[in-house]
Amino acid sequence: MDKVYSPQNVEAKWSRFWIENKIFSSHVDKSKKPFTIIIPPPNVTGSLHMGHALNNTLQDVIIRFKKMQGFNALWVPGTDHGGIATQSVVEKLLKKEGIKKHELGREKFLEKMWEWRNKTGDTILEQLKRLGCGLDWDRLAFTMDEKRSEAVKKAFIELFNKGLIYRGKRIVNWCPSCATALADSEVEYKEEKGSLWYIKYPFSDGSGFLVVATTRPETMLGDTAIAVSPDDERYKNFVGKTIDLPLTDRKIKVIKDYAVEKDFATGALKVTPAHSMADDAIAKRNNLDYIEVIDIHGKMINVSAKYEGLTIAQARKVIVEDLEEGGFLEKVEPIMHSVGQCYRCQSVIEPLMSDQWFLNVSGMSKKAIAAAQKEQTIFFPSSWKHPYILWLENIKDWCISRQIWWGHRIPIYYCVDAQGVRKDCPPIAAMEKPNKCPVCGGTLFEQDSDVLDTWFSSALWPLSLFDWGQKENKENQQLNYYYPTSILVTGYEILYLWVARMVQFGLEFMKEVPFKHIFLNGIVRDKHGKKMSKSLGNVVDPIEVMDKFGTDALRFALAQSASPGRDMQISDESFLAARNFANKIWNASRFIIMNAGDELKNLGQNIRPIRLCDKWIVAEFYQMAKNVKGSYEVYEIDVAARQLYDFLWTKFCDWYIELSKGRLASEDAAARKNVLEILVFILKETLKLLSPIMPFITSEIWEILNSHNYSVCISQTDFCANKTPEYADQVLFHMSILQDIIVNIRSLRSQMNVSPAVEVKAIFNVFDKTKQEVVKENADYIKLLAKVSDIQFVKNADRQKNSAMCVAGGFEIFVPLEGLIDIQKEKERLQKEIDFALVEIERTKEKLANKKFLERAPKTEIEKIQSRRKAAQEKIDKINANLAFWE
RNA sequence: GGGCGGUUAGCUCAGCUGGAAGAGCAUUUCCCUUACAAGGAAGAGGUCGCAGGUUCAAAUCCUGCACCGCCCACCA
């Protein structure tokens, strides 16, 4: 084995091993309980970023843990076609070649899309393999493959036939750059600098004017009312009056509506129902007209010739000039306001009227709320339940159509005449182009040109992955066995966009939630707490981290800081620490393997803990195993990671391996074998517990330990979780005495500048027989770890001028240091010890003097304080006696 | 405006079903002791954001406040 662990040499081998041997494939097996996870499908345009690395590491840890527990574990891989995002990537590429989408035409363009997706769409899958993900690759799915597409069509048709999908002209969020509608949740709001124009709107009767403030003066041409707050005294008398809308020949009325904030600007709001979500709501409440003045190309329409056809920016300029000229402009103020942007391309969103397909979600959301309230879906952490329900309560109908080409084309067919003109027959929802119109008998049809929102197919993911729609649900074995899945692991940023919709569709089509648990992981931030983004240039590439530190280090670092639902800051230091941990494990294993030699493969089966430290490490191990397993069970992977780190490094390496060296070097073959058994046993069992987080290094070591080609993650185990031995408490206590002695002697040596090479003598002044027995039996530990050559037990030790002393483990310990001791320094050191003890005395004294404490605190607590007090006092007395001796 | 988090050692964070302040990194001293210098040993470093309250006892529970952050919402 190499002195340093080199991940490069082992990682490729193991990910190949897992895939080639189909270690993580799963089949319907009714004799075993399934544990199922569906991957949040990454976009085909994507390459692995830290968020993916975190999210998939967590899923992998869970799936590996469950598999080892004996579940029929299945983690299904797949990718998402990614609608607008993907189309715009390819569009840009074609543009570089001088090819324009519209010149190509729909079919040719889609050919190019598929070409590109087949060529580069699997990059991220290869990266997931490198991350070690235990996915069942035979089930690899794509949201636009045949099965998934059929499921989408089938779902659409079912919803359409139930009357839940309808077409309507509504105000939608329009992205002028992508030239498509967006759902509300696809709009991101950003604070931006803008201007607030104050415009005078004159009353028709010439009795003056009302001033309104707007950030979008060009929309005034579409105003159909002025709204004021119902409890605004200033405007009370104006409600109902008529206004001459400037720059037009239209008249509008002053109305009242509660949405108006009377303290903002002038407290009077111009209402443009066709171009503002807020105004749309007001218009609905007040039956206002909708006048569209901006079309989907961002050009002015339905306006006087002067403005017709201008772009929004041009119109704004001209209109502001005209208002100024007409004396309608009162003033302009700078303002910070939030502006809606396209979540994909960051263009400013234009709310406007457009014909779209909508899904009525009121029924579905009610069912989803009920499911969450009945805890059919449980959130990890639970704090997300409330916002989730709140969101569902306020949900509006979902605009599911998009005016792009890449995606699932809406399976709606219109009956047309020979010239291709649509007839009045109602549209037909069907899997394929119908043969005959049931109304007019016509045979010519035209399919709706829109495609579905990407999230529509994503919402079906838990169903479509198990071939929903291919046959009757009752006959679908895959679906019946694996659905509902066990846990969904995803980032909280797509809780509404994706998770809530999967729940709604699951309840709608299966009458059952799609997953029992929802684990929401946080966002990975850089070391300054900033979100990683390309524009900030603070992106840490997980591939680079794997190259530099190893995949296990990446996984461990992420797992360790992945507190459920909480963001995390991560940097090279975390990866470095994790890499060092991997190396520590490697070297501890190397030490054990080297010492075991040829016997290795027979070791670790029958442990017989004889010595105190054996029993101690066994007790510590079982305790840790129980805790780690418990943490995995509730998805507290960060806690599990820290427990393993602490046990392996601090307990196993720093204490047990160090203590084992005595017996390993001895001539006593039986003692040697005995300690090796325990070393190998603990190592192997700890590797099992660690393998879900660090599968590569644990597999590699496991292979050497077992001298055959089996991966640790195959081994089924109960993780030794219920084996805490009876002797645990006593052993822990006795060991703590020895540790206290060793640490104190070491400290004394270090502070007296005694060279590590020099062995010293230790004289124990005995006060307690039992403790003396413990030390006697384990004197070799002290000799080994504190570099002590000789131990003596005495009563009322003769104090010596040349001895340093300490009080530890209930003893007064003298260390003769002739020629090495600096009495002055030793006095200072002892004085410091006294000072510490004095603080302790103060604290305990206060408590014990408190009558109420003595009355009300539990007995054990009082005893604890009393014994602490006693120990502190003894320490002081002993040290003082020694100091007095020196005087 | 509503909701949710955070504030603990120089940095990143644990601890929060209440009973002596923890880890990693950084830092100081000593050590290349044949598992590991990507290491070991010892040390220094914190009135746990502020103010109240509950309690014998509060980093931990409650109430305010301050600052930071996130999500949702129809402030033009």
Side-chain angles (χ1 to χ4, degrees), chain A residues 1 3-5 184-185 189 196 212-216 219 227 257 259-261 263-272 276-282 335 337-338 351 381 383-384 386-387 390-391 394 492-493 495-496 522-523 525 527 529 531 549 553 560-561 563 565-574 576-595 638-639 642 645-646 649-650 653-654 657-658 661 743 746-751 753-757 785-787 839-840 843-844 847 850-858 860-862 864-865 868:
Chain A
M1 281 174 90
K3 199 169 167 182
V4 168
Y5 172 60
D184 292 343
S185 33
Y189 290 87
L196 193 57
V212 300
T214 180
T215 52
R216 306 216 31 209
T219 63
D257 190 277
V260 180
E261 195 83 31
D263 296 325
F264 185 86
T266 63
L269 169 70
K270 62 186 261 324
V271 186
T272 322
S276 154
M277 291 288 176
D279 296 2
D280 173 50
I282 295 173
I335 186 179
H337 63 147
S338 66
S383 53
W384 276 104
H386 189 221
L390 270 182
W391 184 82
N394 296 308
Y492 61 76
E493 71 274 16
L495 177 60
Y496 309 128
I523 291 170
R525 296 171 181 280
K527 67 176 188 185
K531 212 165 166 172
F549 301 103
Q560 191 197 25
S561 28
S563 191
R566 293 265 293 274
D567 291 354
M568 64 183 75
Q569 284 168 241
I570 209 148
S571 62
D572 266 13
E573 283 106 72
S574 355
L576 192 75
R579 197 257 334 238
N580 293 353
F581 179 49
N583 193 51
K584 189 75 182 177
I585 298 164
W586 181 255
N587 274 291
S589 307
R590 191 163 75 99
F591 173 78
I592 294 168
I593 289 162
M594 277 169 19
N595 274 285
D638 56 326
V639 178
R642 281 191 292 266
Y645 184 100
D646 181 60
W649 203 311
T650 316
C653 291
D654 288 352
I657 288 187
E658 289 308 318
K661 285 178 179 172
V743 166
R746 278 172 172 173
S747 175
L748 178 158
R749 293 177 57 119
S750 170
Q751 287 177 56
N753 290 327
V754 179
S755 158
L785 296 194
K787 292 254 176 192
V839 173
E840 180 77 357
R843 262 203 298 242
T844 50
K847 283 209 165 182
N850 185 338
K851 266 190 201 148
K852 284 188 172 173
F853 173 73
L854 294 173
E855 271 168 34
R856 302 194 189 178
T860 49
E861 185 60 28
I862 297 170
K864 221 159 82 187
I865 301 283
R868 262 165 50 194

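All chains are named by letter (A, B, ...) in the order of the sequence lines, taking the proteins before the strands, and each is independently numbered beginning at 1.
With contacts defined as side-chain heavy-atom distances shorter than 4.5 Å, the pair A:D572/A:F549 qualifies. The closest side-chain heavy-atom distance from A:C653 to A:F591 is not below 4.5 Å. Using a 4.5 Å cut-off on side-chain heavy atoms (C-beta onward), A:F853 and A:I865 make contact. Contact annotation: the side chain of A:I570 approaches that of A:S561 to within less than 4.5 Å [non-hydrogen atoms, C-beta and beyond].
A salt bridge between A:K864 and A:E861 is present, with a side-chain N of the basic residue lying under 4.0 Å from a carboxylate O of the acidic one. With respect to the salt-bridge test (charged N to carboxylate O, under 4.0 angstrom), the residues A:D646 and A:R642 do not qualify.
For B:rC13, the OP1/OP2 oxygens have a side-chain nitrogen or oxygen of A:Q569 closer than 4.0 Å. Side-chain nitrogen and oxygen atoms of A:R566 include none within less than 4.0 Å of the OP1 or OP2 phosphate oxygen of B:rC4.
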If the sugar-phosphate is the primed atoms plus P, OP1 and OP2 and the base is the rest, what is the B/S/- string for nucleotides 29-44 of chain B, using protein heavy atoms under 4.0 Å?
-> --S---BBSBSSSSSS

Heavy-atom protein contacts under 4.0 Å, nucleotides 67-76 of chain B, coded B base, S sugar-phosphate only, - none | ----SS-BBB

Step by step, work out the side chain to side chain contact (heavy atoms under 4.5 Å, CB included) result for A:D257 and A:V271.
-> CA-CA 11 Å; A:D257 190 277; A:V271 186; over 6 Å; no

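For the pair A:L854 CG and B:rA57 P, the interatomic distance rounds to 13 Å; values are reported in whole Å. For A:E573 and B:rG10, the CD to C1' distance is 12 Å, given to the nearest whole Å. Between A:K852 atom NZ and B:rA57 atom C1' the separation is 12 Å, expressed in whole Å.
Ring geometry for A:W384 versus A:Y492: interplanar angle under 30°, hence parallel rather than tilted (30 to 60°). Between A:Y645 and A:F581, the two ring planes are tilted [angle within 30° to 60°].
When the C1' atom is used for both B:rG10 and B:rU28, the distance is 14 Å, rounded to whole Å. Annotation: B:rA42 and B:rU33 have their C1' atoms spaced 16 Å apart (nearest Å). Of the C1' atoms belonging to B:rG18 and B:rU55, the separation is 9 Å, rounded to the nearest Å. On the C1' atoms, B:rG24 is 24 Å away from B:rA20, given to the nearest whole Å. For the C1' atoms, the distance from B:rG15 to B:rG46 is 14 Å, rounded to whole Å. For the P atoms, the distance from B:rU54 to B:rU60 is 15 Å, rounded to whole Å. B:rC48 and B:rU8 have their P atoms separated by 11 Å, given to the nearest Å. Taking atom P on both B:rU17 and B:rU63, the two are 16 Å apart, rounded to the nearest angstrom.
Heavy-atom minimum distance, A:I523 versus A:D567: N-OD1, 2.9 Å. Heavy atoms only, all atoms of each residue included: A:F264 and A:I335 are closest at CZ-CD1, 3.9 Å. Contact detail for A:A786 and A:R749: the closest heavy-atom pair is O-NH1, 3.2 Å.
A donor-acceptor contact under 3.5 angstrom links the side chains of A:Q751 and A:S747, judged on distance only.
Among the protein residues, A:R749 comes within range of no part of the nucleic acid, since none of its heavy atoms lies under 4.0 Å from any strand.
Taking only side-chain atoms of A:E861, from C-beta outward, the nucleotide of B:rG24, B:rA20, B:rC4 with the closest atom is B:rA20. Side-chain atoms of A:A577 lie closest to B:rG24 of the nucleotides B:rG24, B:rG19, B:rA20.
Comparing A:M568 and A:P858 by the nucleotide of RNA chain B that holds the closest heavy atom to each, the one mapping nearer the 5' end is A:M568. Comparing A:V639 and A:S383 by the nucleotide of RNA chain B that holds the closest heavy atom to each, the one mapping nearer the 5' end is A:S383.
Consecutive Watson-Crick or G-U pairs involving RNA chain B, each under 3.5 Å on both distances, make up stems of three or more pairs at B:1-7 with B:66-72, B:10-13 with B:22-25, B:27-31 with B:39-43, B:49-53 with B:61-65.
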